[in-house]
Amino acid sequence: MSAKPRRVVVTSPRTAAAQRPRYPVTREIDEQTKLGEVYMRSLIRTQLRLALFVCTVLAALIGGLPLLFLLVPELREVEILGIPLPWVVLAGLIYPAFVVGAWLYVRQAERYERHFAELVERE
């Protein structure tokens, strides 16, 4: 019986040269390449959509108050501590609404930035 010849694995010494070098996305952003621009444009577009949403909600809230007082005249007659309700709403509730809207915007924008950073570091 003859013994089977042993198999020999042949490899090229240039296997590493065949692989395309991968650059981290942070390098793409730092060097302002086309890919880096796409990533940054995506983040900026997301934050712009968020800003437009928050501004739209606040504008609808503020713009809707005169309409509410026009459609429901009984509300104009209500007084709180001797002050008419429209004045209480305009003087006391509008500014906290702006503060809450700004706080929510900053919180969500920072969340988008963290997600973006995780995405960039992962690739």
Side-chain angles (χ1 to χ4, degrees):
M1 218 174 100
S2 84
K4 289 186 178 180
R6 215 178 126 147
R7 296 183 87 182
V8 178
V9 178
V10 179
T11 60
S12 169
R14 294 182 41 96
T15 55
Q19 296 176 355
R20 196 179 110 225
R22 290 204 44 158
Y23 298 113
V25 176
T26 53
R27 184 173 174 184
E28 299 282 348
I29 293 170
D30 291 340
E31 293 179 0
Q32 298 179 352
T33 63
K34 293 288 183 187
L35 180 61
E37 286 179 21
V38 169
Y39 275 103
M40 288 306 297
R41 202 174 313 127
S42 170
L43 174 64
I44 291 169
R45 193 176 304 125
T46 302
Q47 289 183 335
L48 177 63
R49 271 195 307 264
L50 175 63
L52 291 174
F53 174 75
V54 170
C55 288
T56 302
V57 168
L58 286 174
L61 179 72
I62 304 306
L65 285 175
L67 185 62
L68 175 70
F69 290 126
L70 181 68
L71 294 175
V72 186
E74 299 84 34
L75 289 177
R76 287 184 272 174
E77 305 302 322
V78 175
E79 290 188 2
I80 298 176
L81 300 173
I83 304 171
L85 181 64
W87 284 101
V88 171
V89 170
L90 288 174
L93 298 179
I94 296 298
Y95 298 107
F98 281 128
V99 170
V100 168
W103 178 74
L104 289 173
Y105 170 77
V106 169
R107 186 170 161 236
Q108 190 65 32
E110 288 175 348
R111 182 178 295 154
Y112 287 149
E113 287 176 8
R114 276 193 307 274
H115 178 68
F116 177 77
E118 289 170 3
L119 176 72
V120 167
E121 291 169 2
R122 179 176 51 196
E123 292 186 5

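From a predicted model like this one, the values you see are computed outputs, not experimental measurements.
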- [ ] With the side chain counted from C-beta on, respond yes when R76 and P86 share a heavy-atom pair under 4.5 Å apart, and no when they do not.
- [x] yes
N/O donor to acceptor pairs below 3.5 angstrom from side-chain atoms of residues 93-106, sequence neighbours left out:
none

- [ ] To the nearest 0.5 Å, tell me how far F116 CZ sits from M40 CE.
- [x] 5.0 Å
- [ ] Determine, stepwise, if the pair V57 / L61 fulfils side-chain contact (heavy atoms from CB on, under 4.5 Å).
- [x] CA-CA 6 Å; V57 168; L61 179 72; 5.5 Å; no
Open item on the list: Please list all pairs meeting salt bridge (charged side-chain N to carboxylate O under 4.0 Å, His left out) that have one or both residues in residues 94-113, counting only residues at least two apart or in different chains.
Closed with: none
- [ ] Could you pull out all residues at least two apart from L75 that satisfy side-chain contact (heavy atoms from CB on, under 4.5 Å)?
- [x] L68, F69, V72, L85
Open item on the list: side-chain contact (heavy atoms from CB on, under 4.5 Å) for R49 and T46? Distances and angles first, verdict last.
Closed with: CA-CA 5 Å; R49 271 195 307 264; T46 302; 3.6 Å; yes
